[in-house]
Amino acid sequence: MTAKTLFITGASSGIGEATARAAVEQGWNVGLFARRADKLQALADELGDAALPLPGDVSRTEDLTKALAALADRFGAVDAAYANAGMGLDHPGVEKGEPEEWRRMIDVNVMGVLYTAHAALPHLRSSKGHMLLTGSAAGRREIKGSVYGASKWFVHGFAENLAAEMHEWGGRCTVIAPGMVNTAFFDQPKPDKIQPDDVARAALFALSAGPTASLREIFLMPQG
């Protein structure tokens, strides 16, 4: 049986790195996309021939288009893509927020998701593939003055619309929506919260759904 191929943005750390590891363990090939070329190369060296490092920036459509073409050329097809890259804000709230910081975040959390989907869909149409997006509990509830949360509300809404578009040709779309995850996103470790491996297992569970099921959202919250 030919291995399937998964493209992952934000693959150099956190959820993306954990998903790459979990996918390779389950027999997938992976395309590792992020800005930090050294981190991607180290991870690819560890994962072996099933991994292809693809340095690039999710706010640049040409980077994504080139990376996906290289991945398809290497492994023959792209069966799934995970728009996982995201960033938060150092200055919370609206009145005390920093508009330029908002712009950088929107470039990643909103435009990066759109660009990733736009670049991936021609490949996924060919494979009747699967699109994953990292949402958030912050995209499902009110958080006072949270511009970051609003960017995740976009992800959840966009995913519903994208799922309807992909359904027309047999594709599927799933939001993986965790609460607080113990990643470098936070200044201090959060060992009692969701771990990146937990989110990775949820992503692979969505990808393993049978042909009669379309998992639109997986919502994870910390047990502790």
Do [X] and [Y] touch side chain to side chain, with heavy atoms closer than 4.5 Å?
X: Leu71; Y: Thr5; value: yes
X: Gln41; Y: Pro55; value: no
X: Leu133; Y: Met131; value: yes
X: Ser146; Y: Lys144; value: no
X: Leu54; Y: Leu32; value: no
X: His91; Y: Lys96; value: no
X: Leu220; Y: Ile218; value: yes
X: Leu89; Y: Val147; value: yes

Is it true that, when you exclude Arg125 itself, more than 12 heavy atoms of the residues, nucleotides or ligands shown sit nearer than 6.0 Å to its CZ?
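No, because the 6.0 Å sphere around CZ of Arg125 holds 12 heavy atoms or fewer from other groups.
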Got more than 12 heavy atoms from elsewhere within 6.0 Å of CZ, Phe205?
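No, not enclosed.
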According to a 4.5 Å side-chain heavy-atom criterion applied to Ile, Leu, Val, Met, Phe, Trp and Tyr, with indirect links allowed, do [X] and [Y] form part of one hydrophobic cluster?
X: Leu162; Y: Val110; value: yes
X: Trp153; Y: Ile143; value: no
X: Val113; Y: Met111; value: yes
X: Val94; Y: Phe154; value: yes

Could you grab the distance from atom [atom1] of [X] to atom [atom2] of [Y], nearest 0.5 Å is fine?
X: Asn109; Y: Arg104; atom1: CG; atom2: CZ; answer: 12.0 Å
X: Asp90; Y: Met87; atom1: CG; atom2: CE; answer: 7.5 Å
X: Glu17; Y: Leu47; atom1: CD; atom2: CG; answer: 8.5 Å
X: Leu64; Y: Asp57; atom1: CG; atom2: CG; answer: 8.0 Å
X: Asp73; Y: Leu68; atom1: CG; atom2: CG; answer: 12.5 Å
X: Asn161; Y: Glu165; atom1: CG; atom2: CD; answer: 9.0 Å

Mind checking salt bridge (Lys or Arg N to Asp or Glu O under 4.0 Å) for Asp63 and listing every partner two or more places apart, or none if nothing turns up?
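For Asp63, the residues satisfying salt bridge (Lys or Arg N to Asp or Glu O under 4.0 Å) (neighbours in sequence not counted) are Arg60.
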Contacts of type salt bridge (Lys or Arg N to Asp or Glu O under 4.0 Å), residue Glu95, not counting sequence neighbours:
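By the salt bridge (Lys or Arg N to Asp or Glu O under 4.0 Å) rule, Glu95 matches no residue at all.
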Sequence neighbours left out, what pairs pass salt bridge (Lys or Arg N to Asp or Glu O under 4.0 Å) with at least one residue falling in residues 37-48?
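Residue pairs with at least one partner in residues 37-48: Arg21-Glu46.
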Under the criterion side-chain contact (heavy atoms from CB on, under 4.5 Å), I'd like the reasoning laid out for Leu6 against Asn29: C-alpha separation, chi angles, the key distance, then a yes or no.
CA-CA 6 Å; Leu6 170 63; Asn29 299 314; over 6 Å; no
How close do [X] and [Y] get, counting heavy atoms only, and between which atoms?
X: Gly135; Y: Val155; answer: CA-CG1, 4.0 Å
X: Ser13; Y: Arg36; answer: OG-NH2, 3.0 Å
X: Leu132; Y: Ala206; answer: CD2-CB, 4.1 Å
X: Phe158; Y: Leu114; answer: CE1-CD2, 3.6 Å
X: Ala85; Y: Val58; answer: CB-CG1, 4.0 Å

Exam field: side chain [X] to backbone [Y], donor-acceptor pair closer than 3.5 Å:
X: Thr61; Y: Tyr115; value: no
X: Lys152; Y: Thr134; value: yes
X: Ser151; Y: Tyr148; value: yes
X: Ser126; Y: Pro122; value: yes
X: Asp198; Y: Gln195; value: yes

I would like to know whether Glu217 and Arg140 meet side-chain contact (heavy atoms from CB on, under 4.5 Å); could you show each step before the answer?
CA-CA 11 Å; Glu217 182 176 313; Arg140 282 299 190 206; 2.7 Å; yes
Contacts of His118 that satisfy side-chain contact (heavy atoms from CB on, under 4.5 Å) - sequence neighbours left out:
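Testing His118 for side-chain contact (heavy atoms from CB on, under 4.5 Å), a comparison that skips the adjacent residues, returns none.
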Go through the structure and list residues passing side-chain contact (heavy atoms from CB on, under 4.5 Å) with Ala22, not counting sequence neighbours.
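Residues passing side-chain contact (heavy atoms from CB on, under 4.5 Å) with Ala22: Ala200, Leu204.
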Phe7 and Phe33 aromatic centres sub-6.0 Å:
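Distance test on ring centres: under 6.0 Å, yes.
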Under a 3.5 Å cutoff, is there a donor and acceptor pairing between the side chains of [X] and [Y]?
X: Arg35; Y: Ser12; value: no
X: Thr9; Y: Asn84; value: no
X: Ser59; Y: Asp107; value: no

Please tabulate, for the side chains in residues 167-179, all donor-acceptor contacts under 3.5 angstrom to protein atoms that are two or more places apart in sequence or on a different chain.
{"residue": "Arg172", "atom": "NH1", "partner": "Gly210", "partner atom": "O", "Å": "2.7"}
{"residue": "Arg172", "atom": "NH1", "partner": "Ala213", "partner atom": "O", "Å": "2.5"}
{"residue": "Arg172", "atom": "NH2", "partner": "Ala209", "partner atom": "O", "Å": "3.4"}
{"residue": "Thr174", "atom": "OG1", "partner": "His130", "partner atom": "NE2", "Å": "2.8"}
{"residue": "Thr174", "atom": "OG1", "partner": "Leu215", "partner atom": "O", "Å": "2.4"}

